[in-house]
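This report refers to the structure that appears directly beneath it.
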Amino acid sequence: MNDQIIIKELTTAEETARFWDRLYAYFQRDLFPEDSPEREELDYFLGAEYRAAIEKLRARHSDPLYYLAFVRGGEEVGYAMPALYPGEDGKCFIMEFWLLPEFRGGGAGHACARTLLAWARKRGTAYFELNAEGERQRRFWGSLGFVPNGADEWGKPCMLLPPEGELPLAVERLGGPDDPRLGWQWLKLENSFLAEIGEELLTEEKKERLSAAVREGKIVFFLALRGTRAVGMCSVSPCFSTFACGEAGVFDDFYVEPPFRRRGAARLLAGAAQDWCRGRGMASLTVGCSAGDAGMYRALGFQLELGTMLACPLAD
């Protein structure tokens, strides 16, 4: 029997119908089984709204989405739904990937995954990203080189197979939360930052409050970009200093995605925030940090010791 895995793009009405039938079965069997705490989400994924959203992505001319089948010995043994983003430094986001139950085991999953990665690379993919919520998924993709990489804008954990090449980094100020290019990436970084420091991820209410603060100029965000992908961020909150009788700033939300650390993003972000504060005539920019991080912040220009910072929690 020929064990070679090949990929077939599913394009006809019959192939598309079969893909969706098996995708729905996968949702019910594997992602949202009856004992799943997220079972209530199943109705959305089985409904017309979800399918319409996916079909809209599939129909777009740029950043194409594909329905793919893994074929072995003439049989379809599994499926994938990747979206390619050549405008985002060559990202491939693997939205869905599964094998039919009767074909699982014996290394078939890894063979299909490696075939998918090779297929995408031939189409210009430089790196891969996906959501991986369960331990089994994390182990599987981790064995293929994927590393944990925070959370997305909805709080779902992400994994990344990092790019091998380097691209120059640049910093941009976030114009507003509704920026179609940077807004969703900013929320993704914010959730990743909160997850790393052990805080609650953004709820819809908190997203609205944070977005309102950005619109009103109460907080300013800077994003480090690798091409068009935001890989890091920081924020400055202006306030009034009675010592200077003028404006000062508080530096916070300092985060760089783990696969892109030690490449200069932190220094670029801190420098951009400091330059912005100087341009506004601010007297100082301060940061609260743990003793373990103090050396890093000193190297980034925060060299004046201000004693110990304490806080009185006021919220319930």
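Since we're looking at a predicted model, the values are computed, not measured.
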Remaining members of the apolar cluster that contains Val71, side-chain heavy atoms under 4.5 Å: Ile6

Of all pairs that satisfy ring-ring contact (aromatic ring centres under 6.0 Å, His included), the ones with a partner from residues 144-191, not counting sequence neighbours: Trp141-Phe146, Trp186-Phe221

Set of salt bridge (Lys or Arg N to Asp or Glu O under 4.0 Å) partners for Glu200, sequence neighbours left out: Lys206

Salt bridge (charged side-chain N to carboxylate O under 4.0 Å, His left out) contacts touching residues 108-120 (sequence neighbours left out): none

All pairs passing salt bridge (charged side-chain N to carboxylate O under 4.0 Å, His left out) where residues 241-258 contributes a residue, at least two apart: Lys188-Glu257, Arg229-Glu257, Glu247-Arg280

Identify all side-chain donor-acceptor contacts of residues 117-126 below 3.5 Å with residues at least two apart in sequence or on another chain.
from, atom 1, to, atom 2, distance (Å)
Arg123, NH1, Trp119, O, 2.9
Thr125, OG1, Ala120, O, 3.1

Contacts of Arg267 that satisfy side chain to side chain donor-acceptor pair (under 3.5 Å) - sequence neighbours left out: none

Residue pairs passing the side-chain hydrogen bond (donor to acceptor under 3.5 Å, both in side chains) test where at least one lies in residues 25-41, sequence neighbours excluded: Asp30-Arg104

Could you list the donor-acceptor pairs under 3.5 angstrom formed by side chains in residues 304-311, with sequence neighbours left out?
from, atom 1, to, atom 2, distance (Å)
Glu305, OE2, Arg298, NE, 3.3
Glu305, OE2, Arg298, NH2, 2.6

Where at least one partner belongs to residues 15-25, residue pairs that pass salt bridge (charged side-chain N to carboxylate O under 4.0 Å, His left out), sequence neighbours excluded: Lys8-Glu15, Arg18-Glu76, Arg22-Glu76

Qualifying residues under side chain to side chain contact (heavy atoms under 4.5 Å, CB included), relative to Arg60, sequence neighbours excluded: Leu57, Asp63, Ala83, Tyr85

Residues clustering with Tyr297 (ILVMFWY side chains joined when closer than 4.5 Å, directly or via others): Tyr127, Leu160, Leu169, Val171, Val220, Phe222, Val231, Val236, Phe251, Phe254, Val256, Phe260, Leu268, Leu269, Trp276, Met282, Leu285, Val287, Met296, Leu300, Phe302

